[in-house]
Q: 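Quick one: structure below, then a few questions.
Side chains included, hydrogens not; waters and symmetry mates left out as well; all remaining heavy atoms used.
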Amino acid sequence: MSHPVAPALPGDGSLAGRPAPGAGAALTAAVLGFFIITIDALGLNVALPAIRDDLGGGITGLQWVVDGYTLMFAALLLSAGALSDRIGARQALGAGLIVFVATSAACGLAPNLGVLVAARLLQGAGAAVMLPATLALIRQAYPDPVRRARAISVWAMGGAVALAAGPVAGGLLTLLSWRTFFFVNLPVGLAALLLLTRIARSERRPAPFDGLGQLAAIVAMGALTYAAIEAGAAGPTVPRVLAALALAVVALAVFLTSQARGKNPMVPLDLLRSRTMAVAVTVGFALNVGFYGVVFVVSLYLQQVRGLTALETGMAFVPMAVLVAGVNAAAARVAERFGPRVTITGGQLLLAASLLIFSAAPADAPNWLLIVLLVPLGLGGAMAVPSLTAVLLDSVPAERAGTASGILNTCRQLGGALAVAVFGALVANRATFLHGLRVSLLSAAALLIVTTMAGLLLRPSTPR
């Protein structure tokens, strides 16, 4: 996940440029919030078999445990930034944390799969409210651009640590109980809430809210995801799948109409007519299909077919995750020298190559080889996403940067949700799991190769 960083301008040393009172508490609260958002998006994958053993249900239930969170996170990101402005960054982060902590407790105490999925939906809503509020709070606490850039780097590190620690934490905590994974959020979230009490209330700013557009977006994304999951479980022609697809089409039509005719659209359609925006959201969608979808099915593969424990599965993802932060920094330097198209297309091709090679690995390949083959999976995304975000933000006016970033991140999360839905259906049958895994990997690789061609349509930058 990548976010715009304020340009580093020389500070003047004046009082106005100093951090606001409680700036350290604000930054720590923002880092803790981003940490638990990220770790709950990725770390739960390795605990899925344990959840199924405890609560029952098949692959469909596990898909909803993952997608319930991702889906609401994606849909509500479109308007969460406006909500943060409307009620104030500190108040929005506090509200999101309360929802997140409460629903984490509900997840940990869930008596059945239905309650767990419902709690995950609400947890995703809390995460969506929190994310833009964390950045807005940092901007409020650090008016000086230099200090703010450093603070955002610390914030981004929280996400990187969560990415690396997520699978290991999921596997380690599952040794006690998968429920412990959710209970850990409670002390972290409560600590963040306590820190917020040391910060002055944030100023509220007028920010219009597109209620019809937001509702239509939730219905369209939810119905499409439901159709994809149920099509794998019951077949693509059963009435409930066809009804869900019809509902998704109607909701999409309502959404587009509201954005074209509404006074305060969440997604101004003129933005979508930009070639850069169209290419960026397409590439971002494909990158998350390749990453989130594959992490989901490979986590199941390593445990159900390879017989690894949850902890061993979590450890398998560590080399990939640890190298992501270093590649982010290296990718920025490569983009400066050769232009962002090199890192965007190169990252997609690296990810596609990783998927193709993994799909060709023999069934009796040693586990260490599979772990090595996972490394380029994370590196490809780490190479492409920062440059993709930068190119997009450079192409829009400053006052529309938040909207453009929200659209990109929504499309990326939707790609992850649909990948879990479709790939999960392909591996639902244990007897054909390996075949379904290979089809999933090849499908993601094919999509990435196609979107690499789209990446070439981005305006080339002059190398420095």
Side-chain angles (χ1 to χ4, degrees), residues 1 20 22-44 65 68-111 115-141 155 158-159 162 166 169 173 179-205 207 209 211 214-215 218 406 409 413:
M1 189 176 295
L27 176 58
T28 305
V31 170
L32 291 176
F34 190 33
F35 178 87
I36 57 178
I37 288 171
T38 306
I39 205 167
D40 273 59
L42 292 172
L44 190 62
V65 169
Y69 181 89
T70 307
L71 183 63
M72 291 301 290
F73 188 28
L76 293 178
L77 271 177
L78 289 171
S79 60
L83 176 65
S84 177
D85 288 340
R86 191 167 186 168
I87 69 174
R90 193 204 79 163
Q91 296 87 281
L93 181 54
L97 280 165
I98 290 171
V99 172
F100 197 93
V101 168
T103 52
S104 293
C107 287
L109 297 171
V115 172
L116 177 58
V117 170
R120 284 284 282 174
L121 286 164
L122 294 174
Q123 193 184 37
V129 173
M130 290 163 60
L131 182 59
T134 60
L135 284 169
L137 191 64
I138 290 174
R139 185 175 183 85
Q140 169 188 310
W155 171 87
L173 294 172
R179 298 176 186 274
T180 313
F181 180 85
F182 294 107
F183 290 142
V184 168
N185 290 334
L186 274 60
V188 178
L190 291 173
L193 284 169
L194 183 62
L195 288 166
L196 290 181
T197 64
R198 300 170 55 186
I199 306 166
R201 287 179 63 86
S202 299
E203 180 182 353
R204 300 184 180 191
R205 293 185 292 170
F209 178 71
Q214 180 62 88
L215 178 61
I218 292 173
N409 282 315
Q413 296 299 323

Q: Enter the distance from Asn185:CG to Ile36:CD1 here, rounded to the nearest 0.5 Å.
A: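 CD1 of Ile36 is found 5.5 Å from CG of Asn185.
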
Q: Kindly indicate whether the side chain of Phe182, heavy atoms from C-beta on, has any atom under 4.5 Å from the side chain of Leu44.
A: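 Yes, side chains in contact.
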
Q: Any side-chain to backbone donor/acceptor pair from Arg90 onto Ala26? Under 3.5 Å, distance only.
A: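 It does not hold such a pair.
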
Q: Closest approach of Cys107 and Ala119, non-hydrogen atoms and distance?
A: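 Shortest heavy-atom contact: SG-CB, 3.5 Å.
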
Q: Is any side-chain heavy atom of Leu173 less than 4.5 Å from a side-chain heavy atom of Val184?
A: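 SC-SC contact between Leu173 and Val184 confirmed.
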
Q: Show me the pairs that pass side chain to side chain donor-acceptor pair (under 3.5 Å) and involve residues 118-131, at least two apart or across chains.
A: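 Matches after skipping sequence neighbours: Asp40-Gln123, Ser104-Gln123, Arg120-Gln123.
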
Q: Return the minimal non-hydrogen interatomic distance between Gln413 and Leu77, and the atom names on each side.
A: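 Nearest heavy atoms, Gln413 then Leu77: CG-CD1, 4.5 Å.
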
Q: Within the structure provided, determine whether Leu32 and Leu195 are in side-chain contact (heavy-atom separation under 4.5 Å).
A: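 Contact flag for Leu32/Leu195 side chains = yes.
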
Q: Could you pull out the closest heavy-atom pair between Ala29 and Ala192, with the gap in Å?
A: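 The pair with the smallest heavy-atom distance is CB-O, 3.9 Å.
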
Q: Looking at every heavy atom in both Ala162 and Thr38, which two are closest together, and how far apart are they?
A: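 Minimum heavy-atom contact is CB-CB, 3.7 Å.
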
Q: Show every donor-acceptor pair shorter than 3.5 Å between a side-chain atom in residues 68-76 and any protein atom, with sequence neighbours excluded, or say none if there are none.
A:
unit_1	atom_1	unit_2	atom_2	d
Tyr69	OH	Ile37	O	2.8
Thr70	OG1	Val66	O	3.2

Q: What are the two closest non-hydrogen atoms of Val101 and Leu186, and how far apart are they?
A: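 Closest approach of Val101 to Leu186: O-CD1, 3.9 Å.
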
Q: Can you find a heavy atom in the side chain of Thr134 that is under 4.5 Å from one in the side chain of Leu137?
A: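 No, their side chains stay 4.5 Å or more apart.
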
Q: After noting the C-alpha distance and the side-chain angles of Leu97 and Leu196, does the key distance pass the side-chain contact (heavy atoms from CB on, under 4.5 Å) rule?
A: CA-CA 10 Å; Leu97 280 165; Leu196 290 181; 3.9 Å; yes

